[in-house]
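Each chain gets a letter, A, B and so on, in the order its sequence line appears, and its residues count up from 1. Keep in mind the model is a prediction, meaning the values are calculated, not measured.
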Number of protein chains: 2
Amino acid sequence: MERKRKIYEFIRDEISRRGRPPTLREIGGRFGISSTNGVRYFLDKLEADGLIKRSANTARGISLVEHGSRGGTRSVPLLGRVPAGGPDFGEEHREGHILVDERLVGGGDLFAVRVRGDSMIGAGIHDGDVAVVERDQAPRSGEIVVALIDDEVTLKRLVRKGGAVLLKPENDMYEDIDLSEMSGRNISILGRLEAIVRTY
Amino acid sequence: MERKRKIYEFIRDEISRRGRPPTLREIGGRFGISSTNGVRYFLDKLEADGLIKRSANTARGISLVEHGSRGGTRSVPLLGRVPAGGPDFGEEHREGHILVDERLVGGGDLFAVRVRGDSMIGAGIHDGDVAVVERDQAPRSGEIVVALIDDEVTLKRLVRKGGAVLLKPENDMYEDIDLSEMSGRNISILGRLEAIVRTY
DNA sequence: CAGCTTACTGCACAAATGTTCAGTAGTCAA
DNA sequence: TTGACTACTGAACATTTGTGCAGTAAGCTG
């Protein structure tokens, strides 16, 4: 009962420390179990409990089942410059990656950008915040979207009103942008805001 | 030059998707390289470039060299009720855990609470946001702190002014709290705000 | 005390996987 | 044309690792 949990934690820690699951003998070595079958005995239990999953005949074929609270993370690319035409996912434009709790964001296609300016101050989004965005060209009215306006990335609230589509900043200093009458400006919607992360 | 990068990305994606690095044959299979040596040829280059590290005679012995950052996560307990006397870290009071990028928060003793109320609206902190807090009884002036006031958890900005210590909300509807003249109220500072996470 | 469960040992074996060595087609420069 | 370099193929071979089967000592349970 106690040993089982310790072994589970060892597997979890090994994956996070070394980037790969341990072998039966590595687990046995750690817990003083000389036979690989002693280890198998516990792995069978962990699998029956639904805590791990195993791939047959596969070296280091243990994977954790992300259940409820002990979830996984998504590695989301934080894009630096976002060039015209939409974000470029090549390594050259990545500023790095941030890890985000999987349960907080969806399972969609995500990227992150650093917020510039204060046009969304009213929604509690500040200069320097990191916005996690799900790629989605067709967001619904009322959602906060990330748009590319003439090579510049901005967050705005998207509102459909009659036939018009408006991008509304939440700051009285800025004016609405009407997508239906964009006078020569090049505007595209990159996605929908999924989360804001701010550090102090 | 191009193939090398693709192989590196494949390894990275496999680790993130399956939780373990691929074998030589798995990589070869993906890129149509029938000999394990064709794969080794590229892995040698990636290792020479310092992009990966290999463990000799080890199944799936490839690990990524995180350049610039370690890339780990902290599992931070999200506390539900915070009882008088400070947060209780027993399992009973945990609402769950959230995983936070290690590089964004410090290495200190962390916990998280859900923000209640709108007393910090002016600082872009809204009702429902998750606050990641570092335990610290002696925060400096100007920092946002998490305080326990008569069993209630609140965020306020701490300001030292002369000899007085003030807890200032950032919302005109609320009044400052002067710690030096707390009239019978039980106030303790739990820690300093490290990050805010908000999901939509 | 028999019978059951738990937690293993021990050994052989097979499958998966990394390593070594030899060789080759294609490209590019001198 | 020669030689260097790149990007592999192919075939052993050695190690690592998972699997199967038999057995056993220590605690319970009835």
Quiz item: Think A:Ser34 has a side-chain N or O under 4.0 angstrom from the OP1 or OP2 of C:dG10?
Solution: yes
Quiz item: Which whole-number value in Å describes the distance from B:Ile33 CD1 to C:dT24 P?
Solution: 21 Å
Quiz item: Counting side-chain heavy atoms from CB outward, which of D:dT9, C:dA16, D:dA7 is closest to A:Ala59?
Solution: C:dA16
Quiz item: Is there a donor-acceptor pair closer than 3.5 Å between any side-chain N or O of B:Arg114 and the backbone N or O of B:Gly128?
Solution: yes
Quiz item: Thinking salt bridges, do A:Glu194 and A:Arg192 make one under a 4.0 Å N-O criterion?
Solution: yes
Quiz item: Choosing from C:dC8, D:dC8, C:dT19, which nucleotide comes nearest the side chain of B:Asn57?
Solution: C:dT19
Self-check item: Separation of atom CG in B:Leu46 from atom C1' in D:dT6, rounded to whole Å
Solution: 15 Å
Quiz item: So do B:Arg5 and B:Glu9 actually touch side chain to side chain, heavy atoms under 4.5 Å?
Solution: yes
Quiz item: OP1, OP2 of C:dC8 versus side-chain N and O of A:Ser35: anything below 4.0 Å?
Solution: no
Exercise. Examine D:dA7: is either OP1 or OP2 under 4.0 Å from a nitrogen or oxygen in the side chain of B:Arg40? Give yes or no.
Key: no
Quiz item: Please give, in whole Å, the distance from D:dC8 P to B:Leu43 CG?
Solution: 12 Å
Quiz item: Which part of the nucleic acid, if any, lies within contact of B:Thr36, taking any heavy atom under 4.0 Å across all strands shown: a base, the sugar-phosphate backbone alone, or nothing?
Solution: base
Quiz item: Can you find a pair of side-chain heavy atoms, one from B:Leu46 and one from B:Lys4, that are under 4.5 Å apart?
Solution: yes
Practice problem: To the nearest Å, give me how far apart CD (B:Glu14) and C1' (C:dT17) are. | Solution: 16 Å
Self-check item: Contact check, side chains of B:Leu193 and B:Ile125, non-hydrogen atoms, under 4.5 Å
Solution: yes
Self-check item: Sugar-phosphate, base or nothing in reach of A:Arg60, heavy atoms under 4.0 Å
Solution: sugar-phosphate
Practice problem: Ignoring backbone atoms, establish whether A:Lys45 has a side-chain N or O less than 4.0 Å from OP1 or OP2 of C:dT6. | Solution: no
Exercise. Starting at atom NZ of B:Lys6, determine the distance to atom C1' of D:dA7, rounded to an integer number of angstrom.
Key: 16 Å
Practice problem: Within residues 18-31 of chain B, find the residues that approach DNA chain C with a heavy atom at under 4.0 Å, and present them sorted by residue number. | Solution: B:Thr23, B:Leu24, B:Arg25
Self-check item: Backbone of B:Phe42 reached by a side-chain donor or acceptor of B:Arg3 within 3.5 Å
Solution: no
Self-check item: Presence of A:Tyr41 side-chain N/O under 4.0 Å of C:dA7 phosphate oxygens OP1/OP2
Solution: yes
Quiz item: Between B:Ser55 and A:Arg20, does any side-chain donor sit less than 3.5 Å from a side-chain acceptor?
Solution: yes
Practice problem: Measure from the side-chain heavy atoms of B:Phe42 and tell me the nearest of C:dC8, D:dA7, C:dT9. | Solution: D:dA7
Self-check item: Whole angstrom value for the distance that separates P of D:dC5 from CZ of B:Arg3
Solution: 22 Å
Quiz prompt | Side-chain ion pair, A:Lys156 and A:Asp176, N-O less than 4.0 Å | solution = no
Practice problem: Calculate the interatomic distance between B:Lys4 atom NZ and D:dA7 atom P; express it in whole Å. | Solution: 9 Å
Quiz item: What is the distance from CD1 of A:Ile62 to C1' of D:dT19, rounded to the nearest Å?
Solution: 14 Å
Practice problem: Return the nearest nucleotide to the side chain of B:Asn37; candidates are D:dT9, C:dA7, D:dC8. | Solution: D:dT9
